[in-house]
Amino acid sequence: MMKYNYLIAGAGLFGSVFAHEAMKKGKKCLVIDKRSHIGGNVYTENQDGINVHVYGAHIFHTSDKEVWDYINQFAEFNNYINSPVAYYKGELYNLPFNMNTFYQLWGVRTPEEAKQKIKEQTSEYHNMNPSNLEEHALSLAGRDIYEKLIKGYTEKQWGRNCTELAAFIIKRLPFRFTFNNNYFNDHYQGIPVGGYTQIISRMLDGADIMTNTDYFDFIEKNPDIAENIVFTGMIDEFYNYRFGALQYRSLKFETQRIETENFQGNAVINYTEKEIPYTRIIEHKHFEGCDSKFTVISKEYPCEWKPGAEPYYPVNNEENNRIYEKYRKLADKEKNVIFGGRLGQYKYYDMDKVIRSALDITDGID
Ligand code: FAD
């Protein structure tokens with residue numbers, strides 16, 4: 001007799017929703033994670049009353065009512081609206097690009113004036129057939145927006161010049177001709193009061209959990225532990241890189257406590273000039289409106305991924321997608337292994353999409 005119905009590798013959102021739903025159907029689950037804690041990238045850590053988003057700012061947003069109702073079972077959400085600000089050489093601009101941004105850039109006051117200005121800015125690039133991201137962004141937004149708000153940020157994010165990046169990375173640039181700084185268009189949005197870790201902990205209630213446990217070592221020693229495997233780590237690592245390694249972008253976070261009540265007046269400030277090496281500063285207390293005499297900030301530095309570093313973003317260019325397809329074909333043939341989440345499926349997923357995907361898969365369990 002095997003001890004568990006499911007061995008779930010990865011205590012992130014995918015693994016935890018999967019475990020929760022499988023347990024509701026009477027299945028026994030063992031959840032392991034190589035990190036020292038549960039939660040994966042949504043992990044938050046309470047530092048003297050401030051919930052710190054240890055792996056970067058996580059704002060829950062969705063238009064999927066079922067997913068919104070689902071996540072709300074595990075925590076109360078506040079009415080936080082993400083309204084980032086961009087800092088460029090001492091100037092501040094509202095994001096996403098909206099009437100406030102256009103006023104700050106050009107002093108235009110009406111949507112008509114803003115549209116006219118964008119038309120002027122893009123006119124010289126209209127007939128261009130963009131061959132890289134720079135040309136594509138210029139043809140969509142014109143010189144001012146590109147230089148001040150896109151170029152430096154994107155080059156830091158990807159570690160390459162915009163002229164060397166593929167045009168497809170920016171599909172479109174949403175311009176809003178209203179004075180609306182809400183970054184997302186989704187119907188529901190918020191931050192769980194008390195942080196995300198409690199959500200994961202409630203989802204995993206009833207499962208056996210082992211942290212500091214790497215799947216590959218564990219399965220070698222316990223090959224018969226479970227009937228099925230749910231794997232949410234890197235799919236290329238699972239297959240021992242036999243078709244080559246997939247590429248990722250990584251991030252470094254520099255987190256510090258500062259003895260001031262309010263450091264920057266907003267949860268998220270993007271630094272869009274190239275000379276400043278980080279892309280964002282997150283001031284965590286603003287997510288939940290925490291009342292304290294001190295604050296905690298994190299600077300976010302994008303960097304190249306190397307084995308051993310945290311893989312944050314898949315680099316979905318043609319070559320990597322081609323390699324991934326080969327791994328996916330192998331995965332499709334597995335009878336007792338399910339690959340899920342952002343690393344198992346080599347895809348950038350927002351939290352709501354990860355929950356949706358885990359719910360759809362567990363729907364099929366009888
Ligand atoms: P993960 O959370 O990465 O969980 C996978 C787990 O598997 C990890 O804990 C890892 O340690 C473990 N693991 C890997 N390999 C092994 C192994 N060999 N053995 C054991 N364990 C292993 N989404 C939003 O909706 N809103 C946001 O604002 C937002 N902001 C983000 C900001 C950043 C910087 C990043 C990187 C992502 C953001 N996301 C956001 C996306 C969100 O983080 C993901 O949707 C979600 O965390 C994915 O869950 P997951 O379970 O697939 O992966």
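First listed ligand is number 1; within each ligand, the first listed atom is number 1. Computation of the quantities below employed the complete heavy-atom set of this structure, encompassing side-chain atoms and omitting hydrogens, waters and symmetry-equivalent molecules. As the structure is a computational prediction, the values presented were derived from the model and not from experiment. Quick note: residue numbers are just sequence positions, from 1.
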Hydrophobic cluster identity match, F77 and V42, side-chain contacts under 4.5 Å: yes
Say you draw a straight line from CG of N132 to CD1 of I169; how long is it, rounded to the nearest 0.5 Å? 10.5 Å
Check ligand 1 against F14 and write out every atom of the ligand that is under 4.0 Å from a heavy-atom position of the residue. 51 (O)
As an exercise, identify every atom of ligand 1 less than 4.0 angstrom from a heavy atom of R342. 1 (P), 3 (O), 48 (C), 52 (O), 53 (O)
Give a yes/no on ligand 1: does I38 have at least one heavy atom closer than 4.0 angstrom to it? no
Only heavy atoms of Y55, strictly under 4.0 Å: list the atoms of ligand 1 that pass. 33 (C), 34 (C)
From the list R280, K156, K252, side-chain hydrogen bond (donor to acceptor under 3.5 Å, both in side chains) partner of E300 resolves to R280
protein heavy-atom neighbour closest to atom 31 (C) of ligand 1 works out as H58 NE2, 3.4 Å
Nearest non-hydrogen protein atom to atom 25 (O) of ligand 1, with distance, is M351 N, 2.7 Å
Check whether Y348 and L133 end up in the same hydrophobic cluster, where Ile, Leu, Val, Met, Phe, Trp and Tyr are linked by side-chain heavy atoms less than 4.5 Å apart. no
Taking distance alone, with no angle check, do D33 and ligand 1 share an N/O pair under 3.5 Å? yes
Checking side-chain polar atoms at under 3.5 Å, does S63 have a donor or acceptor matched by the opposite partner on D186? yes
Element-labelled atoms of ligand 1 that are located less than 4.0 Å from some non-hydrogen atom of V354: 45 (O), 48 (C)
For ligand 1 and A11, I'd like to know whether there is a polar contact (N/O to N/O, distance under 3.5 Å). no
Under a 4.5 Å cut-off applied to non-hydrogen side-chain atoms, are Y103 and R109 in contact? yes
Got Y196 and H58 here, is their nearest side-chain heavy-atom distance under 4.5 Å? yes
Which ligand 1 atoms are under 4.0 Å away from a heavy-atom of F216? 18 (N)
Near G341, which atoms of ligand 1 are under 4.0 Å from a heavy atom of that residue? 52 (O)
What protein heavy atom lies closest to atom 26 (N) of ligand 1? Include the residue and the distance to one decimal. I59 O, 2.8 Å
Number the atoms of ligand 1 from 1 as they appear, then name those within less than 4.0 Å of a heavy atom of L251, with their elements. 34 (C)
Are any of the N/O atoms on K34, whether in the backbone or the side chain, positioned under 3.5 angstrom from an N/O atom of ligand 1? yes
If we number the atoms of ligand 1 from 1 as shown, the ones under 4.0 Å from a heavy atom of G12 are 2 (O), 4 (O), 51 (O)
Proximal candidate to atom 33 (C) of ligand 1 [heavy atom criterion; set Y313, Y215, Y312, Y348]: Y313
Before we go on, tell me: are the rings of Y188 and F60 under 6.0 Å apart, centre to centre? no
Between A57 and ligand 1, which residue portion shows a heavy-atom distance shorter than 4.0 Å: side chain, backbone, both, or neither? backbone
Donor-acceptor side-chain pairing of Y70 and E21 below 3.5 angstrom: yes
Answer yes if the ring centres of H286 and Y80 are under 6.0 angstrom apart, and no otherwise. no
Closest approach of any protein heavy atom to atom 7 (O) of ligand 1, naming residue and atom: G10 CA, 3.2 Å
Would you verify whether the NZ or CZ of R202 falls within 45 degrees of the ring axis of F74 while also being under 6.0 Å from that six-membered ring's centre? no
Got the closest protein heavy atom to atom 44 (C) of ligand 1, with its distance? Y349 O, 3.4 Å
Between F243 and Y327, ring centroids under 6.0 Å: yes
Protein heavy-atom partner closest to atom 2 (O) of ligand 1 - residue, atom, separation in Å: N41 N, 2.9 Å
Does the plane of the ring in F339 sit parallel, tilted or perpendicular to the ring in F238? Use 30° and 60° as the thresholds. perpendicular
Can you find an N/O atom of L343 closer than 3.5 Å to an N/O atom of ligand 1? no
Report the nearest protein non-hydrogen atom to atom 5 (C) of ligand 1: residue, atom name, distance rounded to 0.1 Å. T232 OG1, 3.7 Å
